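Written below as structure tokens is the structure these notes are about.
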Amino acid sequence: MELKNNALFKETCFIGGKWIESDSGEKIKVDNPANGEIIGEVPKCSTSETQKAIQEAQAVFPSWRDKTAKERSIILQKWARLIEANADDLAKIMTIEQGKPLAEAKGEILMGVTYIDFYAEEGKRVYGDIIPDPMPDRRIVVIKQPVGVVGAITPWNFPSTMITRKCAPALAVGCTVVIKPASQTPYSALALGVLAKEAGFPDGVMNIITGSANAIGKELTENPLVRKISFTGSTEVGKILLQQSASTVKKVSMELGGHAPFVVFDDADLDEAVTGAMQSKFRNSGQTCICANRIFVHEKVYDEFLNKFINEVNKIKVGNGLEEGIVSGPLIDQLSLMKVHDQVKDAVNQGAKIAVGGDVHSLGGNFYQPTVLSNVTTKAKITYEETFGPVAPLYKFSSDEEVIKMANDTPYGLASYFYSRDIGRIWRVAEALEYGMVGVNTGLTTKAEIPFGGVKESGLGREGSKYGLDDYLNIKYISMAGI
Ligand code: ADP
């Protein structure tokens, strides 16, 4: 890999400020999803290395906690500036291991920086409370303190922001972290570690271990020194981590799967709705947990919306993300591709029509055609399973009540979207949707200032905004008597 700063490409783990191999010497190969080439190998760590990382994080925790918020903020800001300065290289590393187009990768790197800048400031505003006591000689004081060592387990679809979104608030309030990145995208994580060291975080404040997900996850959840688990990934793995965390009653935040409804009412601005659907559905080749997964269109505007949508989808240029002009890269692996294709075949068997795409791409490998399915039935798998691919199923509806019921008919509750110009309907529908996030006349933008998170089986806790601090803080009540 040719980089301006070759030091960013690390093939060892970061524990206690040192770069180490796994105890067993075993490795995991990492490939480029655009062409299957092996990029390199990272250590296959397991229980013993995880214990070491947790011990390092625990040992440095008191001194990191006792720094002032401003002292921590200065190091966080230095980290942010270094990430910014190396954004081109970091984007290239991401595109090569994850597949997303270079411009999108750079956008993610810079987005990651906004979380660090936001929490470098917000970490100074960990306010407590004084509550009037019913007894005259007493005072009720509430303070907030960092929970301690945090275990952060992150996915491959956003290899950089999922790390900064967890680490920035955790580090800003005085926690220390042990990060386990996804095995498909370890290099983006390790590069952030290189820059964290350069920024001056004391040894052990941030640790990054690659390797066996089961073994590392089990140690992070069951080790009593870890006081919090922050996970982004599938609902299936989230449930395992919740169960394992029960043994030590840890604080948990879970950003899990989604099955976002995208509703177009008959009074919607259809051009805007098409733009929103394109952004929400096809970003990252449909591999985000907030991607529009079910597009419901009112029967009066169905045909018009479908035609406009097809026009736009036909323009998507698929290919290797390193090439100029590509807007949609490969899927992460063959397993993902097969799952997506299986959903498409099943939907067609259940009566759906293919309006665009519908098959693997002629480029081969992990590439799939951007696909639009019309007249999808509620029996099709795609109606109730998360897709994680560039496939947009369209459904027809005729009343508000009907579409709200269909939109909520899922165990997931992360993002939702709808388009309407009627203020009464906007309030009614926004309140009726059982989701953590609602985009009204927008494909919803994620940013540091918003509380990102879901309800139902989409998870617990919020990331971003002032609410994102709470997940890394304990509330302590101090009773002052004898006044
Ligand atoms: P996806 O389906 O998006 O790959 P996963 O939930 O499988 O999502 O993976 C998200 C993260 O969770 C990755 O870092 C992965 O290695 C990790 N992971 C997978 N299985 C486990 C497990 N049993 N315990 C802990 N972490 C796990």
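Whatever order the structure lists them in is the order used to number ligands and atoms, beginning at 1. Quantities reported herein were computed from a predicted structural model and do not represent experimental measurements.
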Can you tell me if [X] has over 12 outside heavy atoms packed within less than 6.0 Å of its [atom1]?
X: Leu335; atom1: CG; result: no
X: Lys381; atom1: NZ; result: yes
X: Lys339; atom1: NZ; result: yes

What residue and heavy atom of the protein are closest to [atom], and at what distance?
atom: atom 2 (O) of ligand 1; result: Ser234 CB, 4.0 Å
atom: atom 17 (C) of ligand 1; result: Ile153 CG2, 3.8 Å
atom: atom 18 (N) of ligand 1; result: Ala213 CB, 3.6 Å
atom: atom 4 (O) of ligand 1; result: Trp156 NE1, 2.9 Å
atom: atom 21 (C) of ligand 1; result: Val237 CG1, 3.5 Å
atom: atom 15 (C) of ligand 1; result: Lys180 NZ, 3.9 Å
atom: atom 14 (O) of ligand 1; result: Thr154 O, 2.7 Å

Inset, instruction - Evaluate the side-chain proximity of Val318 to Ile316: yes if any heavy-atom separation is below 4.5 Å, no if none is. - result: yes
Legend entry - Check: Asn5 and Val194 side chains under 4.5 Å, non-hydrogen atoms: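 No, too far: nothing below the 4.5 Å cut-off.
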For [X], the ligand 1 atoms whose distance to one of its heavy atoms is below 4.0 Å:
X: Pro181; result: 14 (O)
X: Ala182; result: 13 (C), 14 (O)
X: Leu241; result: 24 (N), 25 (C)

Inset, instruction - Decide if the gap between the ring center of Tyr119 and the ring center of Trp79 is smaller than 6.0 angstrom. - result: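 Tyr119 vs Trp79: aromatic centres not under 6.0 Å.
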Inset, instruction - Could you tell me whether Tyr412 and Tyr435 have their ring centroids closer than 6.0 angstrom? - result: no
Legend entry - Parallel, tilted or perpendicular: rings of Trp156 and Phe388 (30°, 60°):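 Perpendicular, since the angle between the ring planes exceeds 60°.
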Inset, instruction - Please verify whether a non-hydrogen atom of Phe231 lies at under 4.0 Å from ligand 1. - result: yes
Legend entry - ligand 1 contacted by Gly238 (non-hydrogen, < 4.0 Å): no
Inset, instruction - Would you check whether Ser183 has a nitrogen or oxygen atom less than 3.5 angstrom from a nitrogen or oxygen atom of ligand 1? - result: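 So ligand 1 has no N or O lying under 3.5 Å from an N or O of Ser183.
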Inset, instruction - Could you tell me whether Glu49 and Lys52 have a side-chain N and a carboxylate O separated by less than 4.0 Å? - result: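 No, this pair does not count.
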Legend entry - Per-residue contact class, Ile216 against ligand 1 - non-hydrogen pairs under 4.0 Å: neither
Inset, instruction - Give a yes or no answer on whether the side chain of Ser253 reaches the backbone of Ser230 with a donor-acceptor pair at less than 3.5 Å. - result: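 Pair absent, no side-chain N/O of Ser253 close to backbone of Ser230.
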Legend entry - Per-atom contact, atom 23 (N) of ligand 1, protein heavy atoms, under 4.0 angstrom: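 Within 4.0 Å: yes, protein heavy atom nearby.
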